[in-house]
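Treat the numbers as computed from the prediction; the structure is a model and nothing was measured.
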Amino acid sequence: MAAVTGSGLAAAPSSLLLVVGSEFGSPGLLTYVLEELERGIRSWDVDPGICNLDEQLKVFVSRHSATFSSIVKGQRSLHHRGDSLETLVLLNPSDKSLCDELRNLLLDPASHKLLVLAGPCLEETGELLLQTGGFSPHHFLQVLKDREIRDILATTPSPAQPPILTITCPTFGDWAQLAPAVSGLQGALRLQLRLNPPAQLPNSEGLCEFLEYVAESLEPPSPFELLEPPTSGGFLRLGRPCCYIFPGGLGDAAFFAVNGFTVLVNGGSNPKSSFWKLVRHLDRVDAVLVTHPGADSLPGLNSLLRRKLAERSEVAAGGGSWDDRLRRLISPNLGVVFFNACEAASRLARGEDEAELALSLLAQLGITPLPLSRGPVPAKPTVLFEKMGVGRLDMYVLHPPSAGTERTLASVCALLVWHPAGPGEKVVRVLFPWLHPARLPPGRPGPPAALEVPARARGDAPGPGGAAAS
């Protein structure tokens, strides 16, 4: 993401904050983000006598400094402080970094400020996709209402003229209801707040140079840059039952393994797959389970599928040293993929349908996804893995039921049950729930009214978070 903030010094009469976006999985999203950036900057009616924006943007392109965060991997900041404008562009930030920069902007004494929230966002709600989560109007208002900010502002002398903060953000979804709440905060923040004003400035040479530079900084990385190869050889083998949860932005990914058999559940919303650091050390992912199709579950998985296709092209092209090629081409083989293929339940504005993309990538890899449904009650398990003297891994599909439900439109709730062969070892159960009903689009099936699981699969009820091991 990108951000520009003031440092709090009174010498800079203007301050600019830009939020540009996280890792882009497709070139189409870049066009959308650049259009939103241009709309935001051209809406700023700052007096040319105070700040010549065209000249200051040219100066930023030629003189800014770039810094990589040592705390948030992949986050970059582009910064320049001039005589009349301070600019900080924060690329691919975490939600904490964004909130910190917003607080800095609110406390900056500059008389004219601009905040542009422009990045990949959900088509339905407008929630912005950050590296470590989403950023919604609710999160934005939390920052504006922060008690610490109000206390600091209350102890500083009031300026003769309240500073003007121009805010541009998505104009649809939940953001469309933001105006009344924002206008009610002007007194407490000692600011004149302007939300999504119309374009005031003409296009200019400086703006074009700035947008071109940002476009270069946000160019989608190659599959090998997005998912870097392992730094060491050899494969990891996981023996005892284990389950890892990988935060992936708006949606997480999960990984279950036992006795070398591995299951990947969803891919997370970040194209820089959060599960890759572990999965790249495996020789095989035996099963992939997609609980629901959407922008919160498929981008990370699609990045893995893209990488595997790129590996094929790399083999066909040849060239380079054998060691370099071998290191780049190491990625786990994929086994069965369970996926109720349908239109994505959520998608990014102007982005690809992640479900359609997943089906296309799987077809190119020669993998046919298998649909899932519960079938007659009581549910019968699918045996994923069984080895004499070791144990058996069963998968129970709890939702969707086969009767009265279109399987291709339903999300999946699945229960994994590990039955060890040893009489003294504990049975392990892990529940992966379907998409929460509150996030289902209108008309999509919700949770079943009742579920019946055979007694041999039942155990302690899952606690908060939807996963339990016993």
**Q** Does a side chain donor of either Gln364 or Ser360 reach within less than 3.5 Å of an acceptor in the other side chain?
**A** yes

**Q** Hey, is the main chain of Ser346 close enough, under 3.5 Å, to the side chain of Asp296 for a donor-acceptor pair?
**A** no

**Q** Which of parallel (below 30°), tilted (30 to 60°) and perpendicular (above 60°) describes Tyr213 and Phe60?
**A** perpendicular

**Q** Could you tell me whether a side-chain N or O of Ser269 sits under 3.5 Å from a main-chain N or O of Leu250, the two making a donor and an acceptor?
**A** yes

**Q** Roughly how far apart are Gln131 CD and Ser97 OG, rounded to 0.5 Å?
**A**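 Nearest 0.5 Å value for the CD-OG distance: 8.5 Å.
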
**Q** If you apply the rule side chain to side chain contact (heavy atoms under 4.5 Å, CB included), what do you find for Leu393 with Phe256, and how did you get there?
**A** CA-CA 11 Å; Leu393 179 63; Phe256 179 82; 3.8 Å; yes

**Q** Search all heavy atoms of Asn340 against all heavy atoms of Pro371 and return the closest pair with its distance.
**A**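 Closest approach of Asn340 to Pro371, heavy atoms only: OD1-CA, 3.2 Å.
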
**Q** Quick one: does any side-chain atom of Lys308 pair with a main-chain N or O of Leu334 as donor and acceptor, under 3.5 Å?
**A** no

**Q** Could you walk me through whether Leu372 and Met395 pass the side chain to side chain contact (heavy atoms under 4.5 Å, CB included) check?
**A** CA-CA 11 Å; Leu372 291 174; Met395 178 176 69; 3.9 Å; yes

**Q** Is Leu305 close to Leu365 at the side-chain level, that is, under 4.5 Å between some pair of heavy atoms?
**A**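 Of all side-chain heavy-atom pairs linking Leu305 with Leu365, at least one is under 4.5 Å.
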
**Q** Between Gln75 and Ser94, is there a donor-acceptor pair closer than 3.5 Å when you use the side chain of the first and the backbone of the second?
**A** yes

**Q** Take a 6.0 Å sphere around OH of Tyr244 and say whether it holds more than 12 heavy atoms from other residues, nucleotides or ligands.
**A**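 Not more than 12 within 6.0 Å, no.
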
**Q** Output yes when a side-chain donor or acceptor of Ser297 lies under 3.5 Å from a complementary backbone atom of His292, and no otherwise.
**A** yes

**Q** Is Lys426 reaching over with its side chain to a backbone N or O of Pro420, donor-acceptor style, under 3.5 angstrom?
**A** no

**Q** CG of Leu282 to CZ of Phe275: how many Å apart, nearest 0.5 Å?
**A**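 Answer for the CG-CZ pair, Leu282 versus Phe275, is 11.0 Å.
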
**Q** Do Cys413 and Leu431 touch side chain to side chain, with heavy atoms closer than 4.5 Å?
**A**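 Counting from C-beta outward, Cys413 and Leu431 do come under 4.5 Å.
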
**Q** When rounded to the nearest 0.5 angstrom, what distance separates CG in Leu415 from CZ in Phe432?
**A**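 It comes to 9.5 Å.
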
**Q** Before you tell me yes or no, could you show the steps for Arg374 and Tyr396 under side chain to side chain contact (heavy atoms under 4.5 Å, CB included), namely the whole-Å CA-CA distance, both residues' side-chain angles and the distance that decides it to 0.1 Å?
**A** CA-CA 7 Å; Arg374 186 181 70 218; Tyr396 291 86; over 6 Å; no

**Q** Just so I know, are the side chains of Leu165 and Leu105 near enough to count as touching, which here means a heavy-atom distance under 4.5 Å?
**A** yes

**Q** Give, for atom NZ of Lys272 and atom OG of Ser303, the distance between the pair rounded to the nearest 0.5 Å.
**A**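 It is 9.5 Å, given to the nearest 0.5 Å.
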
**Q** So, His281 side chain and Leu278 main chain: donor-acceptor pair closer than 3.5 Å or not?
**A** no

**Q** Hey, are Glu35 and Arg39 close enough for a salt bridge, meaning a charged N less than 4.0 Å from a carboxylate O?
**A** no

**Q** Are any of the side-chain heavy atoms of Leu211 and Leu37 separated by less than 4.5 Å?
**A** yes

**Q** Tell me whether Glu148 is salt-bridged to Arg103, with the criterion being a basic N under 4.0 Å from an acidic carboxylate O.
**A**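 Here Glu148 does not pair with Arg103 in a salt bridge, since their nearest N and O are not under 4.0 Å apart.
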
**Q** State, with a plain yes or no, whether a side-chain heavy atom of Phe338 is found less than 4.5 Å away from one of Val412.
**A**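 A side-chain contact under 4.5 Å is absent here.
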
**Q** I want to check something: taking the side chain as every heavy atom from C-beta on, are Trp276 and Phe246 in contact at a cut-off of under 4.5 Å?
**A**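 Of all side-chain heavy-atom pairs linking Phe246 with Trp276, none is under 4.5 Å.
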
**Q** If you round to the nearest 0.5 Å, how far is CZ of Phe255 from CD1 of Ile245?
**A**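 That separation rounds to 11.5 Å.
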
**Q** Evaluate side chain to side chain contact (heavy atoms under 4.5 Å, CB included) for Glu86 paired with His79, printing each intermediate quantity in order.
**A** CA-CA 8 Å; Glu86 181 171 5; His79 176 260; 2.8 Å; yes

**Q** Between Asn266 (side chain only) and Gly268 (backbone N and O only), is there a donor and an acceptor less than 3.5 Å apart?
**A** no

**Q** Please report the interatomic distance CG(Leu106) to CG(Asp146), rounded to the nearest 0.5 Å.
**A** 9.0 Å

**Q** Spell out, as yes or no, whether a donor-acceptor pair under 3.5 Å connects the side chain of Thr168 to the backbone of Ile41.
**A**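 Absent.
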
**Q** Would you mind reporting whether Asn196 and Cys169 have side-chain heavy atoms less than 4.5 Å apart?
**A** yes

**Q** Is there a donor-acceptor contact under 3.5 Å from the side chain of Arg307 to the main chain of Leu227?
**A**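 Judged by distance alone, yes, a pair lies under 3.5 Å.
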
